[in-house]
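Inspection log for the structure reproduced underneath, given as structure tokens.
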Amino acid sequence: MIFTFLGLILIIYSFINFKKAFLWFLVFKLFLVTNIAVVAVPGLPLFTLELFLTMVFFIQYYRLRKKVTMKVDFPYKKPMTFLLISWALSTIFAYIGFIGAFSQFLKSVFQQIIFIWMLWDLIDVKKDLGFILKWFTIAFFFICVYGFYEHQIQSNPLMEYEVSLMGDSDRAIDWTYDADVERGYRTQSVFEHAIGAGVNWALYIVFILSLYINYKYPIKYMKLSFLTVLLSLMCLFFTNSRGPIVFLMLSGMSLINLKNKRGYLFIVGIAISFIILLPYLSEYTDNILSIFDSKVQKQVGGSNAEMRFMQMNAATELMKESPIVGWGYKFMNVFNNSLTAALLGLESMWIRIMVQFGIIGIIANVYYAYYSLIKIPKLFHSKSVFYISLAYWVTASLTSVPGMLYYLYFLILIIFIKFSPTYMKMTRAYGK
């Protein structure tokens, strides 16, 4: 299988040049989904290729940590430690049992804490941003091209191939949507889900435009980057999802700066792009308007406020039975009743947190939100970090974001933090 072969090459290369292999892994992760697994045997926990490679790179990182560890403390250290404690307690007392919940706990720890910490230690903006910009732009360009192809043929052959890789069909994840009258086909390209795909495209758009407008970074492949931004915008609308539009609007507020000449150019560019794209995107007008108009929302379909209240009520009732640490990971695999049925897809991070992690989890995530939205943006005086963080917390509170690349979100935040004058002063103070 091509994905396993490429993963093996990365592992071998990590022994030759760990840092360069790690950067290539960041690009490779764009294409990895749950259905690409190392172990998918019935009766055993699913072990994805992405998790396996993350663990291998962590071992390499730990072995070389004295050479690569940053002297500036990881700014998310305290809230992520609190999250870890919350997850651990919920796993120990999980309804499914510790063994049943442990694999999901391990995956969360490695991909949402350890790997993010590694990004902080390993990414050197001066040395690595050129590589990241070049190869992420090339990757996203081809991801967009495939997204256009998928939109045209109204099916996703790559996803179908990845589903076929799972030996156990019951464990294969297939989040494709059947085209319906209200919404039409929902494009996801190489990503796991249409909503997450849209958020990933929004992240790329804001990343490139922020570098150009807010940081005046000399983008080497500017024409290709801006073309990819335009294609990403169109693909975002092809997802037929409201969440990514909300994410783009909120994170895009960081680009508005009337004191900046490039800010004016951005506004002009948006106006011109809107005129050019309007004939191609007119069919998505109702999807955009449904964000602001409940009547249009009913016509478009999908989740609404009434469904959210029903889910919240069910989550509240379930939480009463295990209020402190929640029901833990995978509880819905073995606990089925009218309340779990009413949870539907746990379409808000807070509904999921209430049920899975209880009061301790809620407190840990409120603390995490405080750091993300107030403490860290204020410490590093970064408008970009604030608005991108705001976009995530608002969007994830309103809807689920399956398929969103969590590491990409943090990679961009870390790059912008390291661009800040405060961070540069810290590094000079440490003699780096």
Crowding at NZ, K375 (>12 non-hydrogen neighbours, <6.0 Å): no
Residues, nucleotides or ligands: over 12 heavy atoms within 6.0 Å of Q152 CD: no
Distance, nearest 0.5 Å, that separates CG of L122 from CH2 of W117: 13.5 Å
Gap between atom OH of Y146 and atom CZ of F31 - 0.5 Å precision: 11.5 Å
Heavy-atom side-chain proximity of V355 to M319 below 4.5 angstrom: no
E150: side chain to side chain donor-acceptor pair (under 3.5 Å) partners, not counting sequence neighbours: N156, Y185
Geometric class of the F22/F115 ring pair [parallel <30°, tilted 30-60°, perpendicular >60°]: tilted
Parallel, tilted or perpendicular: rings of F105 and Y329 (30°, 60°): tilted
S189 and Y149 side chains, donor-acceptor separation under 3.5 Å: no
Residues E192 and T34: side-chain donor-acceptor under 3.5 angstrom: yes
Output field: ring centroids W24/F57 closer than 6.0 Å: no
Polar side-chain atom of K418 near backbone of W120 as donor-acceptor pair, under 3.5 Å: yes
Minimum heavy-atom distance T395-V246, with the two atoms named: OG1-CG1, 4.0 Å
